[in-house]
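A, B, ... follow the sequence lines: proteins, then strands. Residue 1 opens every chain. Small disclaimer: the values here were computed from a predicted structure and weren't measured.
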There are 2 protein chains.
Amino acid sequence: MAKNEPAETDIPRTRGSGTQSVYTILRREILAMTLAPGSPLDEVRLSERFGMSRTPIREALLRLSADGLVTTLPNRNTIVATIDFASLPPYFDALTLMYRVTTRGAAMRATPQAMGEIRKRQAEFAAAVAAHDAFAMIEANREFHVAIAELAGNAYYTTFFARLLDEGRRILRLYYRTFDDRLPRQYVDEHEEMIAAIEARDVERSDRLAIKHAEQIVRQIQDYIARDLGQPIDLAAS
Amino acid sequence: MAKNEPAETDIPRTRGSGTQSVYTILRREILAMTLAPGSPLDEVRLSERFGMSRTPIREALLRLSADGLVTTLPNRNTIVATIDFASLPPYFDALTLMYRVTTRGAAMRATPQAMGEIRKRQAEFAAAVAAHDAFAMIEANREFHVAIAELAGNAYYTTFFARLLDEGRRILRLYYRTFDDRLPRQYVDEHEEMIAAIEARDVERSDRLAIKHAEQIVRQIQDYIARDLGQPIDLAAS
DNA sequence: GGGCTGTTTCCTGTCGACAATATGTGCAAT
DNA sequence: ATTGCACATATTGTCGACAGGAAACAGCCC
């Protein structure tokens, strides 16, 4: 790499935006798996890349650490948090629960104008599926469910759910490399059913759909993992 | 205040412990309401108090901010997060849900030796109630429920629940100033029932007890708030 | 007397430098 | 060949200093 790389931004950023922009960019890269789990994040190298001092970098890393996206090894470097497949079952439990709770809550508080935001997200999701754009699909799916959570009106649920969905984005990113598009279309239909149930303020039906939707996703990812782990291992290679 | 105050620690702390200790101390003081909600936290003053540079202070404040315990006003000071009484109903919903989920989970995975930790916490709680020590009571109650959550074995639930319980400590701190001790004794009994149900691996009974326990606490705090808000306002005073 | 404007002051956001610690490397001894 | 130790290196944790913004204050105009 040439020295005097012009850094990411040449415009002299406004005061206070340094940490924020680094946080946003790194977060996006981690969630999109551009930065592989386990990658070392060197403060000096990052400060050179972003053209700023180590201080804002450190603060951004600290925030990422609080989000659980990076792991800080004391007196050593910080690395992108690894994906622990052993913790997947608890993850699925938590995800399913939050699907249910937020969908139920939304069904209890549904108002016509609040449905607009949800429909908008659903339209974006459908468009991403049609375009076979895995990245946009994952993004839109998250926004769709967060919109439902916001309608449910419980900030504690929304925050926790958003965090779970973000963590899931990295797993989905692994998964959708091999996705066959029959299933995403099914998700679109399921989303439509959920919208209808919420709008009808049918709490129990919303709940059942949330369970079904969650089961669908969980089974999907488990199948993927099983397929992946099932690859024959070449014992002669060692 | 005299200048050259000897600071909180005279021993030259080990590398890396600065942020940690400041975080721990401030966190305790915020949760114990020693630092009132809305109190300004001045970085310079804190650095003088703890006898270290502003850098570790800043990092500690950043971590507290991620925990939602302080609010950072850009380019201005950071303040201890205020308690928003309007968000209490969502809070109670979330708390009840986590009581249920963790208790159910514990009942599903109960093992004899795991019950030891829970019993130990329960003993501490009972001792605090007997001693009329409100602070120790709140602390032990939190540890009791976190121990149950850990037995449930879902790290996502444990983290979220612990955060909710911490936030609740500040509310309880308001409440237990006026506590009459009949009710804490009832909590001790309810805890005992929960332990028995978990140990018997009776999931449904554990669930019912968790609901009952949560309802008890919620009603309690709501009564307190109603009583407080019900104070006659002296209109002539203005 | 009240409202607007320029100034002052305080505090934060950012910077570059130094010190401490963990890892990797080379050498010697068993 | 492997283990142990000393050294070198790389990267973090901490520090003091400077600059930029926002609130507080004073002065001026109406």
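- Listed for the B:Arg109 side chain is a donor-acceptor partner under 3.5 Å among the backbone atoms of B:Leu151.
- Using a 4.0 Å heavy-atom criterion, one finds that B:Ile57 contacts no nucleic acid atom at all.
- Note: CD (B:Glu59) to C1' (D:dT14) measures 9 Å, nearest angstrom.
- Separation of the A:Phe144 and A:Phe125 ring centroids does not fall under the 6.0 Å cut-off.
- Note: CG (B:Leu73) to P (C:dC11) measures 14 Å, nearest angstrom.
- With distances taken from any side-chain atom of B:Arg76 to the nucleotides D:dC15, D:dA23, C:dA22, the minimum falls on D:dA23.
- No donor-acceptor distance shorter than 3.5 angstrom exists from the side chain of B:Asn77 to the backbone of B:Asp42, with no hydrogens or angles considered.
- The side chain of B:Glu43 lies closest to C:dT12, out of D:dC15, C:dT12, C:dC15.
- In this structure, B:Asn75 atom CG and D:dG20 atom P are separated by 12 Å, rounded to whole Å.
- Side-chain atoms of B:Asp133 do not come within 3.5 Å of backbone N or O of B:Ala128 as any donor-acceptor pair.
- Nucleotide C:dT14 holds its P atom 7 Å from the CZ atom of B:Arg58, rounded to whole Å.
- Nearest-nucleotide mapping onto DNA chain C: of B:Asp42 and A:Ser17, the residue sitting toward the 5' end is B:Asp42.
- When each of A:Thr78 and A:Thr55 is assigned the nucleotide of DNA chain D with its nearest heavy atom, A:Thr78 is the one assigned upstream, toward the 5' end.
- Atom CG in B:Asn77 sits about 18 Å away from atom P in D:dG21, given to the nearest Å.
- Evaluation of atom-type donor-acceptor distances gives a pair under 3.5 Å for the side chain of B:Arg54 against the base of C:dG13.
- In this structure, A:Glu48 places its CD atom 13 Å from C1' of D:dT11, rounding to the nearest Å.
- Straight-line distance from the CG atom of B:Leu41 to the P atom of C:dC10: 20 Å, rounded to whole Å.
- Of all nucleotides listed (C:dT14, C:dC11, D:dG21), C:dT14 comes nearest to the side chain of A:Ser53.
- Following rounding to the nearest Å, B:Leu61 (CG) and C:dC11 (P) show an atom-to-atom distance of 14 Å.
- Listed pair A:Arg15 / C:dT12 fails the phosphate criterion, with no side-chain N or O lying under 4.0 Å from OP1 or OP2.
- Contact check, A:Arg45 against D:dT11: a side-chain N or O comes under 4.0 Å of OP1 or OP2.
- Each of A:Thr19 and A:Pro74 has a nearest nucleotide on DNA chain C; the 5'-most of these lies closest to A:Thr19.
- Using a 4.0 Å cut-off between charged side-chain N and carboxylate O, B:Arg121 and B:Glu117 make a salt bridge.
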